[in-house]
Amino acid sequence: DPPAARPTKLPSTINPARATMTSPRSSSPSLSDEDAISASGTIQNLHDTSHATVPPLRFGVVGVGCIGREHLSNIKLHPGASVVAFADRSPESCNAARALLGESSDAECYADYRDVLARDDIDIIIIATPNYSHIDVLRDAIPTQKHILCEKPLCTTIEHCWEVLALHDAQPAATRGLLWVGMEYRYMAPLQRIAKELSAGTVGDLRMLTLREHRFPFLVKVDNWNRFNTNTGGTLVEKACHFFDLISYLNNLAPKPGRARALPVGVVAMGGQAVNHLDEVYEDEEADDHPAPRRPDILDHAYVLVEFDNGARACLEMSMFAEASEHQLEVSAVGDAGKLEAFMPGHGDKHVDHTETNVRISRRSEELRSRAWRSSRPPPPEATKGRVKHVAAHPDARIVAAGDHHGSTFVELDWLMHSVRAGASEPHVSIADSVLAIAIGIAAHRSIDTKTRVAMTDVVDMNRITVLLAEHDRAIKDQ
């Protein structure tokens with residue numbers, strides 16, 4: 001885990017917009033100079049980037065659609081960051097970005113992203129373009145040796161991911177920038193609390209991990225690019241790579257002295273397109289003769305089972321026509337000694353109540369864990385629900401107001417900036433981490449298509465993945 005550090009203090013003048021915060025120590029929604037995250041008893045660590053004495057890190061953002069503008073909002077909020085330039089081919093997106101940054105911003109807008117890359121006054125590039133275009137932008141961005149945060153998925157194919165790795169490795173080690181893949185779900189406050197408990201061995205040896213996302217259909221994007229698998233990589237790559245990254249990440253936090261990192265070995269999945277986008281038809285403007293109609297082919301629901309080489313198993317249940325839910329994402333981690341649960345709100349939910357519990361920590365009794373319990377009757381309540389602890393883990397309301405991922409984009413940004421200032425050689429989420437998440441998604445799609453179990457070795461070079469992840473883990477531990 002990254003080392004703890006002093007929290008970043010956000011200026012008290014920031015307007016939390018519609019977000020509200022109720023501190024467990026006060027009913028007032030206003031925030032003092034004290035860090036609200038620490039005050040609420042959560043475990044998110046935000047770093048003091050010494051913004052009072054160090055010039056802000058300068059950002060260039062390539063792509064200012066939905067997620068690109070979320071990054072702009074969080075950069076604008078961060079006291080140690082500034083936006084220098086951004087690029088997008090869509091005039092509507094550029095105008096929305098200008099309005100978001102406000103009249104006080106002197107950030108320049110370009111139609112060609114290469115104009116942003118060419119500037120020598122930018123420290124960090126954020127790539128937030130459509131999935132299929134990541135490879136082209138990365139081919140141009142990596143040789144600049146600027147630090148890069150590329151939104152997930154890194155690419156839509158394994159081959160392109162390996163090309164990115166080769167290009168990054170070809171840069172001089174002393175001058176190349178970090179290449180960080182955007183997996184902001186890792187930084188959601190309830191999931192960070194689960195990560196902390198897993199690292200502490202609270203539930204013992206992790207055996208089962210379940211993620212359930214019940215959400216709304218895919219949003220409308222420029223040119224409707226996200227309606228087709230050829231552009232996105234498929235729903236289980238485009239959307240679910242977040243969850244496959246979480247599965248791999250959480251499954252390797254429990255203390256395992258002398259044991260290698262647990263890796264996925266097989267995937268079984270089923271799913272389809274049952275409800276969403278069935279009545280949509282789009283014209284293919286690139287057709288040679290006359291435009292041919294195209295219908296969306298993206299999945300809207302799936303079950304995915306992932307088997308690991310240490311015997312652990314994980315399950316993703318995803319429905320994109322189930323937005324009428326209290327929680328968008330629910331995570332359950334079960335070990336031989338107990339269970340952890342976390343509950344995340346829907347994207348765009350700005351409500352924050354720091355007294356509301358959203359994490360459950362359950363520890364089995366020693367009698368049942370040791371298998372000494374023998375009875376013809378079920379265990380009594382004091383051995384079941386009586387052993388459940390309810391915990392509140394929430395971010396600062398101001399960073400919740402800055403995006404649609406409940407504050408995690410700001411925390412990810414802050415970790416990236418801390419790593420850049422510290423001269424870190426490795427990002428939190430590496431190219432290898434991203435390749436593995438994408439490969440699980442590809443395996444899941446293949447399993448659905450073939451109605452068979454798919455071995456991970458049939459999708460990606462797992463020996464190469466093993467070596468790369470081991471190198472990354474050692475570097476992270478040492479830096």
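Owing to the predicted nature of the structure, the values given are computational and were not obtained by experimental measurement. Start at 1 with the first residue, then count along the sequence.
- Checked by atom type and distance alone, the side chain of Thr156 never pairs as donor or acceptor with a backbone atom of Gly233 at under 3.5 Å.
- Remark: Arg212 engages Glu330 in a salt bridge, criterion side-chain N to carboxylate O under 4.0 Å.
- Taking the ring pair (Phe, Tyr, Trp, His ring centres under 6.0 Å) definition, one finds that Phe59 meets it with nothing, sequence neighbours left out.
- Relative orientation of the Phe218 and His277 rings is parallel, given thresholds of 30° and 60° on the angle between their planes.
- Side-chain polar atoms of Glu317 and His214 form a donor-acceptor pair below 3.5 angstrom.
- No donor-acceptor pair closer than 3.5 Å links the side chain of Arg193 to the backbone N or O of Ala393.
- His406 and Asp349 share no donor-acceptor pair across their side chains, judged by distance under 3.5 Å alone.
- Evaluation of the ring pair (Phe, Tyr, Trp, His ring centres under 6.0 Å) rule for His327 yields Phe343 as partners, not counting sequence neighbours.
- Under the ring pair (Phe, Tyr, Trp, His ring centres under 6.0 Å) criterion, His147 pairs with no residue, sequence neighbours left out.
- Using modelled atom types, one side-chain atom of His472 and one backbone atom of Pro427 make a donor-acceptor pair closer than 3.5 Å.
- Between the Glu341 side chain and the Val331 main chain, no donor and acceptor come within less than 3.5 Å of each other.
- The salt bridge (Lys or Arg N to Asp or Glu O under 4.0 Å) check on Arg464 picks up nothing, with sequence neighbours excluded.
- Remark: of the listed residues Leu154, Leu436, Asp169, Leu154 is the sole one forming a side chain to side chain contact (heavy atoms under 4.5 Å, CB included) with Ile431.
- Side-chain contact check for Glu70 and Thr409: at least one donor-acceptor pair (N or O, by modelled atom type) lies under 3.5 Å.
- Salt bridge status for Lys152 with Glu184: absent, with no side-chain N to carboxylate O gap under 4.0 Å.
- Residues satisfying the salt bridge (Lys or Arg N to Asp or Glu O under 4.0 Å) criterion with Arg295, sequence neighbours excluded, are absent altogether.
- Of the possible donor and acceptor atoms, one in the side chain of His354 sits under 3.5 Å from a partner among the backbone N and O of Pro395.
- Between His242 and His405, the ring-plane angle classifies as tilted under the 30° and 60° cut-offs.
- In this structure, the side chain of Asn231 does not engage the main chain of Asn226 through any donor-acceptor pair within 3.5 Å.
- Residues forming a salt bridge (Lys or Arg N to Asp or Glu O under 4.0 Å) with Arg176 (at least two apart in sequence, or on another chain): none.
- Remark: Asp404 engages Lys350 in a salt bridge, criterion side-chain N to carboxylate O under 4.0 Å.
- Residues Leu149 and His71 come closest through the heavy atom pair CD2-CE1, 3.6 Å.
- Using modelled atom types, one finds no donor on one side chain facing an acceptor on the other under 3.5 Å when comparing Asn463 with Thr466.
- A donor-acceptor pair under 3.5 Å links the side-chain atoms of Asp336 to the main chain of Asp205, judged by distance alone.
- With hydrogens and angles ignored, the 3.5 Å screen pairs no side-chain donor or acceptor of Asn310 with any backbone N or O of Ala262.
- A donor-acceptor pair under 3.5 Å is absent between the side-chain atoms of Arg207 and the main chain of Gly204, judged by distance alone.
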